[in-house]
Every structure is written in structure tokens, then in C-alpha cells.
Amino acid sequence: MGIEQKMGNMGIATTTLEQAVAWSRTNAMWPMLFGLACCAIEMMSAQAAHYDMSRFGMELMRPSPRQSDLMIVAGRVSRKMAPVLRRLYDQMPEPKWVIAMGDCASCGGVFNNYAIMQGVDEVVPVDVYVAGCPPRPEALIHGVLTLYEKVQGMKFAEMKK
Amino acid sequence: MLLEYAAIASFILVTALIGFIAIGLGTIFGPKHSTDKKAMPYESGMNPIGPGTRRMPVRFYLIAVLFILFDIETVFLLPWALVFRQLGLFGLVEMFLFIAILLVGYFYAWKKGALEWE
Amino acid sequence: MPDVQEITVDDLKHLVSERAIQGETVLLNMGPQHPSTHGVLRLLLELDGEIVVSCIPDIGFLHTGIEKNMEAKTYQKAEVMTDRLDYLNTVGNILAYSLAVEKLVDLDVPPRAQVIRVILTELQRFSSHLVWLGTSALDLAAMSMFLYCFREREQILDILEMCSGQRMMTTYIRPGGLWRDVPVEFEAAVRDILKTFPRRIDEYEALLTRNPLMLDRTYGIGKLTAEECLNFGVTGPMLRASGVKWDLRKDRPYSGYEQYDFEVPTRSEGDVYARYLVRLEEMRQSLRIVGQALNKLPMGAVRSNNFKFVPPQRSEIGVSMEALIHHFKLWTEGFNAPRGFVYTAVESPRGELGVYLESNGGPKPYRIHWRTPSFDNLQSLPLMSRGVLVADLVAIIGSVDIVLGDVDR
Amino acid sequence: MDKKLQPVVEQLEKELGCTVSETRGLVSLSVPAEKIVAACQQVKDLGFALLSAMTAVDYWPEENPRFHVIYQFTSVSGNMVLGLRVPLPGLNPSLPTISHIYRNANWRERELWDMFGIKFQGHPDLRRILMPADWEGHPLRKDYPLGYEEPQFTFNFDEINLRKPYAKE
């Protein structure tokens with residue numbers, strides 16, 4: 001945030017403000033509607049009524065990067081798609097996080113060939129890797145909760161990004 | 001006499017305050033990190049083709065005007081609905097007259113084909 | 001990592017009309033990341049206000065090089081690749097691959113395995129149509145349809161998970177039969193589906209079929225005549241909605257489909273509404289097939305005992321020496337398929353899913369080509385979308401029911 | 001060879017002089033490259049309305065007919081399936097286009113150009129379809145490497161970690 005660049009690490013005095021900021025960030029983190037392949041179908045199942053990701057603040061899948069805080073890379077990223085993915089990541093407003101959902105996004109998975117990027121961390125910095133091919137909806141929700149712990153643990157000093 | 005308007009003034013004040021707080025906090029404390037890529041127009045991940053500002057067909061303007069026209073009509077309905085009881089029959093007839101005039105305008109636009117895109 | 005490719009108007013000269021070059025019409029990307037392109041399909045639209053003058057699809061954003069990758073794996077290891085092709089019809093993909101391998105090496109499949117294959121393929125067709133119905137109704141702003149359809153789909157995924165341990169990428173069908181027998185609760189779960197799902201389809205019909213909103217958005221839009229369909233290589237529900245009664249399960253039956261009696265629904269209008277009706281009727285026919293198949297489920301082995309090509313059961317390995325030898329040979333080296341080529345086609349929910357498999361005597365497929373239906377169905381999109389509103393283009397894309405893993409392979 | 005297909009194959013053989021072969025119930029005629037347009041026109045007139053599949057095979061070490069382009073036709077009315085095979089030399093393989101006869105050959109030919117480097121003369125819009133536009137090489141050729149990258153396990157984690165181009169912020 002703008003203010004903490006000036007104040008730096010104030011320890012006790014700013015804990016409650018950090019928690020307030022972290023609380024507001026984690027309870028309404030809107031993912032970007034960015035389904036690539038098979039994991040997208042499991043992401044839709046996670047969003048649908050049975051597993052209901054909205055219980056964790058992910059009520060809406062915003063189609064445009066301008067209104068989304070989190071990019072769930074759900075599926076395999078091909079060489080032709082990588083620059084587009086990078087462009088979308090750049091166009092997201094600042095407090096943004098990335099979940100690499102599935103083996104293909106995390107490390108290329110089953111496909112070790114010319115067409116697939118071996119892991120999306122060569123394109124965008126990734127915060128949470130969710131394993132599975134495709135990961136069950138519960139695994140995706142567990143990945144989201146791990147991201148929440150990471151965001152809640154952030155101190156002001158680290159929030160400079 | 002001034003006192004009656006105090007209610008409306010405070011109402012406007014509070015709504016303006018809520019608006020400014022919500023947006024103001026975001027702009028003051030929010031991190032600003034604008035890069036040239038972020039400033040580019042978003043076209044589902046690709047580069048936009050051709051100049052940014054392009055010639056828009058007049059149809060869009062026509063639809064916008066029609067929308068504003070009938071939106072203002074509903075804006076007039078709201079305060080009427082509040083004092084509906086006190087106005088009695090006179091208010092009812094007056095409002096239906098107002099709506100009837102606008103309906104004539106609506107049918108005219110409809111028959112002239114303003115609602116069709118072509 | 002290269003940046004996004006810069007396209008100017010003049011290198012599309014041969015595709016777009018004259019007015020686009022003068023700048024009268026707008027060239028817009030309905031690009032890879034778009035809520036209504038059902039995946040990473042990019043459409044370069046030439047718009048005159050709301051009217052689509054021409055639409056140029058650009059695919060390849062999900063190209064996974066599966067055909068090249070399968071050439072580097074043995075026949076057993078390549079099965080894993082087949083599920084990731086058309087990820088809404090995973091059982092159908094592996095069925096097509098298994099039929100091709102069985103035809104190549106002349107493997108027999110026990111009758112029980114054939115019936116279970118039919119049951120699972122029809123359930124997978126039902127769940128694929130559910131995802132189509134949910135997402136295309138969502139595009140027409142029927143939000144609740146999405147939630148209803150995915151609620152039903154969970155029941156089918158539970159059955160697939162019960163059989164194979166995996167919800168989507170089951171790899172349950174293997175060349176020569178199945179991976180293992182179905183569990184005991186399988187029959188009860190499928191009976192429960194047969195009891196509740198027909199009522200659910202009636203609910204969808206009640207919601208959408210005579211809904212004036214749906215009719216305005218779909219009736220008479222995206223018309224394709226039978227002759228145009230065949231010329232563009234369109235197969236599946238889109239072809240049947242244009243009046244051509246061509247269904248591989250009926251005309252070139254495989255895996256025992258000739259024993260079941262079911263109708264092939266066809267309509268003659270060939271528009272988005274006709275495709276909706278054809279697919280809804282197909283869901284009912286799938287349930288009919290599952291019912292008949294469940295009633296005649298024979299007992300017996302689910303795997304052929306030709307151990308040259310089919311790994312033996314785990315239980316036998318501890319007992320017989322030959323089984324142990326076969327087991328190790330097959331899982332380390334794989335089997336050497338005889339030289340030759342084969343083309344088998346299966347009816348997937350989107351159309352004719354064909355496998356051209358060629359072997360040069362080695363343990364790995366020398367060349368495997370997947371004839372995927374969405375690749376050809378998508379080619380007719382520019383024809384259907386000439387002169388329609390952008391909102392109708394969304395409905396047309398929904399009705400083509402493309403899966404990008406299928407298109408890009 | 002089922003009986004319905006018999007007359008069709010004989011007529012094609014007579015007019016185009018191509019050799020017939022049948023493996024595992026799949027009838028396929030081998031047609032020289034210059035006669036392919038006439039053959040496809042003939043097959044279309046004989047009622048094969050659907051070009052169901054079109055692909056190519058690369059017999060790499062063998063140089064002269066290095067590529068075989070395979071056409072699979074389906075006759076919806078007569079319920080018959082027929083295959084055509086065209087051998088092509090390896091240097092710069094090219095074939096006349098049939099996208100004016102069967103419209104879905106348009107993208108199929110673009111895919112064969114993209115994947116195998118087989119040029120199609122007269123094709124309205126021969127661009128790469130699956131690979132990025134500025135990609136060199138044709139991936140499905142046998143002499144094109146698979147592009148296999150060593151997976152990162154625990155024992156070789158650090159060496160690969162140094163070489164791996166992680167994305168900056």
C-alpha cells in the first residue's frame with residue numbers, strides 16, 4: 001500500500017491495521033474467469049452449487065482482468081498462449097495473486113513436449129501450486145485457503161508489490 | 001422554513017460522504033504501479049487492431065438516448081410513489097397522464113424501428 | 001518469452017472485406033480469454049456496429065502436441081494422453097483408442113466389458129451434454145441452468161469415481177477390456193440415476209423449451225443446411241439437427257451397440273434451437289441405452305485373457321509364473337503391434353471421433369491422428385455468423401459445443 | 001471389401017489407374033499427386049459427401065516417398081468408407097488443394113502445412129493454424145525433436161533451479 005512504503009515495519013502498532021487489510025482482501029478475492037483446459041471444468045464444478053467456492057469470498061468469476069484480484073491458471077499453458085497470459089497478468093490491478101491449478105500449470109504435468117510451457121512460473125510469478133490432474137474441487141478450495149493464510153500472514157513491509 | 005430542507009441536506013451529505021470514503025480510501029492507500037502494459041486497452045489478451053478511438057455507428061447513440069429518456073421517466077415515479085397516499089385521486093390521474101404521454105412516445109419509437117438494430 | 005504478436009490490418013487483407021481496410025468497420029478480438037468462447041478460442045470479428053460482417057477463428061491456443069507425444073510412449077503409457085484430448089468425453093476418447101488398438105492387434109473383448117463400456121460411454125455423453133446445456137444456457141443469461149446441470153453432473157462423476165477412482169480422467173477402459181470390474185454398488189447408483197434423471201430433463205424442458213426468451217435468442221439463428229453441413233465436415237448433433245440421420249452408433253455400430261434399440265433424434269431446421277432439441281432428446285436416448293445395457297449385464301471376465309497384449313490381473317501375478325513374466329514384459333517394454341494402419345471412428349457427443357493409428361512393428365504408435373469433431377464443426381462458424389448480431393454469435397458458439405482440447409489436440 | 005464398395009472402387013481404378021489395397025477392412029487407393037484433385041472430384045460425385053479425416057504420415061529415414069497424405073471419405077447415403085493415399089517426396093512436398101471441393105479441407109491443409117511442411121498450391125489462406133505464427137520448423141516431422149525437458153526431481157532440483165527462467169514480477 002502507499003502508506004507503508006513510508007512507514008516501514010512498525011511492529012505492534014500496525015498489527016490491527018494489517019489484519020484489517022488482510023481481512024478485507026481475503027474475504028472478497030474475485031478470481032479471473034481464466035479456464036484453459038480440463039482443470040477449468042473442475043474449477044466450474046468448484047464454483048457450482050455442490051462445492052460452492054463462494055463460501056470463501058469467491059462469489060464472482062470476473063471475466064476481465066481489471067476487476068479481478070486472483071488469477072487461477074486452470075489448465076495447460078501452450079507456447080502460443082503464454083504471451084497472452086503474461087499480458088493478462090500485467091493488466092490486473094496491483095494486489096494480485098496467482099494460483100497454478102493442476103499439474104500442467106505447475107510443472108507441465110503429463111505433457112513434456114514442444115507445445116506446453118513446463119510450468120506457468122516461467123510466465124507469471126506463482127503464489128500457490130495446486131497438485132492434481134485435475135485437482136478435485138476440494139483440492140482447489142484447499143489451495144485457496146492456503147493462499148488466504150499467505151495473504152493474512154503478510155506484513156506491511158512485504159506488501160510493497 | 002430552512003429546517004425542512006435540513007433532512008434532504010443531511011441525506012445528500014451522508015450519501016456523498018459514503019461515496020467519497022469508499023473511493024477515496026482506495027485511491028489514497030491503494031498501491032499505484034502503472035506500467036505501459038497495464039495502460040493498454042484490454043482486448044481479451046491480444047493487441048487491439050487499428051486506432052484506439054474508432055468511428056462508432058450512430059445506432060449506439062440512438063439507443064443511449066432512448067434509454068436516458070425512459071430512465072428519467074422512472075426517476076419521476078420514485079418521489080411520486082412516496083407521497084402517493086396524500087395526493088389521492090388527483091396524483092393518480094396526473095401520473096397516469098404523464099405515463100400515457102411517454103407511452104405514445106414509446107410506440108412512436110417502436111413503429112419507426114428505432115428499437116431494431118438494422 | 002515473446003510478446004503478444006502485433007497484427008496490423010494489412011496483413012489480414014486477404015481475409016477481411018474492403019470496408020475494414022478503409023477503417024469503416026471495426027476489427028475486434030473476441031479473444032482467447034472471453035467468457036463465452038467456451039475455452040481459449042480467438043475470434044477476430046469484423047463488426048459494423050452490432051452486426052458481424054465476418055468472423056475469422058484463430059485456434060491453437062491450447063495446442064498440446066498430443067499426437068507427437070503419443071509417438072514417444074508405448075501403447076499402454078499413451079492411454080493417459082487420450083483422456084486429455086476431449087476432456088468432457090474422456091471415456092469416449094479412451095474407447096476410440098482401445099477400439100483402434102484392438103483392431104490393430106486383433107484383440108477380443110469379453111461381453112461384460114463391452115456392456116460396461118456402453119454404459120459408461122452413454123453416461124459420459126449425458127454429462128458432456130449437461131456441461132453444454134449449463135454453459136450455453138449461462139451464455140443466454142439462464143444462470144440457474146448452470147447450477148442445475150452441474151448438480152446432476154456430480155452424480156455421474158461419483159459413478160465414474162466409484163469405478164475408476166478418478167472423477168474425469170478415468171482411463172478406465174483399456175485395450176482388451178477394462179482396468180478392473182465395477183464395484184458392487186455400481187448397479188444401485190446407476191439405477192438411482194435412471195430413476196431421477198428423466199424428471200430432471202423434464203425440468204429443463206419446462207424451463208427452456210417454450211421460454212419466449214430462449215426462443216427469441218435461438219429460433220432461426222445460425223442456420224446450416226444439410227448440404228453445407230456435409231461440405232464442412234460437420235458431424236454429430238449439428239448434422240442431425242440439419243436433417244441428416246447419421247449416427248455412428250446406428251450406422252457403423254461398435255462395442256455391441258447393435259443390440260440396443262434407441263432412436264437417432266433429427267430435426268430439419270438446422271438452427272440453434274434445433275440443436276438444443278436434438279441434444280436434449282439424445283440425453284433421453286442415452287438413459288434408454290443405459291437402462292437396456294444394465295438389464296442385460298452378463299457376468300464373467302472384464303479383460304481378455306490374451307496375455308501377449310493385455311496385462312494379467314494383479315491377483316494372478318502372485319500365483320502363476322507366466323502371468324508375472326507377461327506383467328513385467330508388458331509394463332516395461334509394451335507389446336509389439338504388427339505393421340499396418342487402422343482407422344476406427346466412434347460417436348462422441350460432438351460428432352465423429354476417429355483414430356488413425358499406424359504402427360511399424362514397434363512398441364510405440366508410429367503415427368496416431370485424432371480426427372476430432374470440434375475441429376471440423378468449428379470451421380462452419382464463419383459461415384453461420386455472417387450478418388448476425390454479436391449477441392447471436394454467442395448463442396451460435398454455444399450451440400456448436402466446441403471443446404478446445406478437441407480442436408487444438 | 002463389402003459389396004457396395006466394389007463397383008465404386010472398380011470405377012475409380014479404371015479412370016485413375018490407382019492401385020487398391022485393403023488392410024483390416026479398410027479399403028484405400030494409392031493415387032499419384034497430380035491426379036488427386038480429379039480423384040477427389042470423382043469420389044465426391046460417387047456420393048462420398050463427407051471428408052471425414054485428412055492427415056499425413058512421415059516415413060522419415062525413407063527419402064523418396066517420405067510423406068503419405070491420407071484422405072478418409074465417408075458416404076453418408078451409402079454408408080461406405082473409402083481411403084486415398086498420396087505418396088509425396090521429401091524435399092519440398094506440395095500438393096494441389098481440394099478445399100474448393102470439400103470445404104473442411106481448408107483447415108486440415110493448413111494443419112498439414114503447420115505440422116508437416118506440406119505446401120498446398122491454390123489454398124486461399126495457407127497460414128500456421130496450431131503453432132504461433134513465428135514458429136520455426138514443423139513439429140510432427142520425425143526429425144523434429146520432441147522438446148523433452150528434464151523434469152525437476154529432488155536430486156537434481158538445484159541445478160535445474162538455476163537454469164529455469166522464472167518470471168520476474
Side-chain angles (χ1 to χ4, degrees), chain C residues 1-2 5 7 11 14-15 56-63 65 67-69 71-72 103-104 106 226-235 239 244-246 248 251-252 339-345 352 354-356 358 360 366-371 375-380 383 407-409, chain D residues 21 23-26 28 44 48-60 68 70 72 74-81 83 85 99 101-108 110-112 114-115 124-135 139-142 144-148 165 167:
Chain C
M1 217 247 322
Q5 183 217 2
I7 313 171
D11 57 18
H14 57 293
L15 291 170
I56 305 149
D58 174 14
I59 57 173
F61 287 94
L62 197 62
H63 176 55
E67 293 177 0
K68 178 90 179 176
N69 220 340
E71 283 168 14
K103 203 172 187 185
L104 191 66
D106 306 334
E227 195 270 334
E228 276 165 0
C229 270
L230 287 173
N231 206 349
F232 273 91
V234 170
T235 52
L239 183 63
V244 178
K245 189 188 256 293
W246 175 255
L248 290 177
D251 298 311
R252 306 182 72 78
R339 180 183 289 272
F341 56 88
V342 150
Y343 179 77
T344 58
E352 175 188 340
V355 172
Y356 174 84
E358 169 144 4
N360 65 344
Y366 187 73
R367 166 73 172 124
I368 182 160
H369 170 67
W370 288 85
R371 189 272 179 202
F375 187 80
D376 282 325
N377 295 354
L378 192 58
Q379 282 192 43
S380 60
L383 185 69
V407 172
D408 294 345
R409 289 183 302 278
Chain D
S21 72
T23 57
R24 293 185 182 80
L26 193 62
S28 68
K44 177 134 189 167
F48 288 83
L50 187 67
L51 167 70
S52 52
M54 177 173 171
T55 181
V57 185
D58 176 8
Y59 303 97
W60 175 48
H68 273 217
I70 297 136
Q72 282 287 334
T74 312
S75 157
V76 170
S77 45
N79 194 348
M80 294 181 289
V81 170
R85 288 180 82 95
S99 54
I101 305 171
Y102 289 95
R103 296 292 294 278
N104 70 331
N106 188 322
W107 277 14
R108 297 262 170 217
R110 277 179 66 187
E111 185 198 352
L112 288 187
D114 190 355
M115 287 292 146
D125 163 29
L126 202 62
R127 287 176 295 150
R128 280 194 182 271
I129 190 168
L130 291 176
M131 298 311 289
D134 51 4
W135 189 266
L140 268 181
R141 285 188 172 195
K142 284 285 192 277
Y144 189 93
L146 174 60
Y148 181 83

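Chain A is the first sequence line, chain B the second, and so forth, proteins listed ahead of strands; every chain is numbered from 1.
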Query - Leu62(C) versus chain D, the contacting section by heavy-atom distance below 4.5 Å - result: neither

Report task. Among the options Asn106(D), Val76(D), Ile70(D), pick out the one with the most heavy-atom pairs lying under 4.5 Å from chain C. Result -> Val76(D)

Requested in this report: For the pair Lys68(C) (side chain) and Arg141(D) (backbone), establish whether a donor and an acceptor sit closer than 3.5 Å, ignoring hydrogens and angles.
Outcome: yes

Requested in this report: Enter the distance from Trp246(C):CH2 to Ser77(D):OG here, rounded to the nearest 0.5 Å.
Outcome: 9.0 Å

Report summary line: Pair count under 4.5 Å, heavy atoms only, with chain D: among Glu227(C), Glu352(C), Lys245(C), highest is Glu352(C)

Requested in this report: Considering only heavy atoms and a distance below 4.5 Å, find which of Val244(C), Leu104(C), Val234(C) pairs most often with chain D.
Outcome: Leu104(C)

Query raised in the report: Checking heavy atoms, do the side chain of Trp60(D), its backbone, both or neither come under 4.5 Å from chain C?
Result: backbone

Query - OH-CG distance between Tyr366(C) and Asp58(D), expressed to the nearest 0.5 angstrom - result: 6.0 Å

Query - Separation of Asp408(C) CG from Glu111(D) CD (nearest 0.5 Å) - result: 10.0 Å

Query - chain C contact via Pro165(D) - side chain, backbone, both or neither, heavy atoms under 4.5 Å - result: neither

**Report entry** Side chain proximity check, Ser28(D) to Tyr343(C), heavy atoms < 4.5 angstrom
**Finding:** no

Requested in this report: Mind ranking Asn104(D), Ile129(D), Asp125(D) by heavy-atom pairs under 4.5 Å with chain C and telling me who comes out on top?
Outcome: Asn104(D)

Query raised in the report: Given a strict heavy-atom distance threshold of 4.5 Å, which part of Ile56(C) is in contact with chain D: side chain, backbone, both, or neither?
Result: side chain

Query raised in the report: Does a side-chain heavy-atom distance below 4.5 Å link Thr55(D) with Arg371(C)?
Result: no

Query raised in the report: Taking only residues two or more places apart in sequence or in another chain, which ones pass salt bridge (charged side-chain N to carboxylate O under 4.0 Å, His left out) with Arg128(D)?
Result: Asp114(D)

Query raised in the report: Hey, is CZ on Arg103(D) packed in by over 12 heavy atoms from elsewhere, all under 6.0 Å?
Result: no

Query raised in the report: Measuring heavy-atom distances to chain C, does Ile101(D) have an atom under 4.5 Å in its side chain, in its backbone, in both, or in neither?
Result: backbone

Report task. Please name the pair of heavy atoms, one in Leu146(D) and one in Ala72(C), separated by the smallest distance, quoted to 0.1 Å. Result -> CD2-CB, 3.7 Å

Report task. Give, as side chain, backbone, both or neither, the part of Gln379(C) having an atom under 4.5 angstrom from any heavy atom of chain D. Result -> both

Query raised in the report: Which answer fits Leu26(D), side chain, backbone, both or neither, if we ask what part of it has an atom under 4.5 Å from a heavy atom of chain C?
Result: side chain

Query raised in the report: Is there a side-chain contact between Tyr356(C) and Val57(D), using heavy atoms and a 4.5 Å cut-off?
Result: yes

**Report entry** Portion of Met54(D) that has a non-hydrogen atom of chain C nearer than 4.5 angstrom
**Finding:** backbone

Requested in this report: Please flag which part of Asn69(C) lies under 4.5 Å from any non-hydrogen atom of chain D: side chain, backbone, both or neither.
Outcome: both

**Report entry** Under the salt bridge (charged side-chain N to carboxylate O under 4.0 Å, His left out) test, residues paired with Asp251(C) that sit two or more places apart
**Finding:** none

Query raised in the report: For Ala167(D), is it the side chain, the backbone, both or neither that has a heavy atom under 4.5 Å from a heavy atom of chain C?
Result: neither

Report summary line: With chain C, the option among Ala49(D), Ala105(D), Ser52(D) that has the most non-hydrogen atom pairs under 4.5 Å is Ser52(D)

Requested in this report: Side chain from CB out, backbone as N, CA, C, O: work out which of these in Arg110(D) comes under 4.5 Å of a heavy atom of chain C, or both, or neither.
Outcome: neither

Report task. Working to the nearest 0.5 Å, report the span between NZ of Lys44(D) and CG of Leu230(C). Result -> 8.0 Å

Query raised in the report: Is the closest side-chain heavy-atom distance between Arg108(D) and Asp376(C) below 4.5 Å?
Result: yes

Report summary line: So, the part of Ser380(C) with a heavy atom under 4.5 Å from chain D: the answer is neither

Requested in this report: Please look at Ala133(D) and chain C and tell me whether the side chain, the backbone, both or neither of the residue comes under 4.5 angstrom of a heavy atom of that chain.
Outcome: side chain

Report summary line: Under 4.5 Å to a heavy atom of chain C? For Tyr144(D) that would be both

Report task. Would you mind telling me which of Asn79(D), Leu51(D), Thr23(D) has the largest number of heavy-atom pairs within less than 4.5 Å of chain C? Result -> Asn79(D)

**Report entry** Closest non-hydrogen atom pair, Val342(C) against Arg24(D)
**Finding:** CG2-CD, 3.6 Å

**Report entry** Basic-acidic side-chain contact under 4.0 Å: Lys142(D), Glu71(C)
**Finding:** yes

Query raised in the report: Roughly how far, to the nearest 0.5 Å, is the NE2 atom of His369(C) from the CG atom of Leu140(D)?
Result: 10.0 Å

Query raised in the report: Taking atom NE2 of His68(D) and atom CZ of Phe341(C), what is their separation to the nearest 0.5 Å?
Result: 9.5 Å

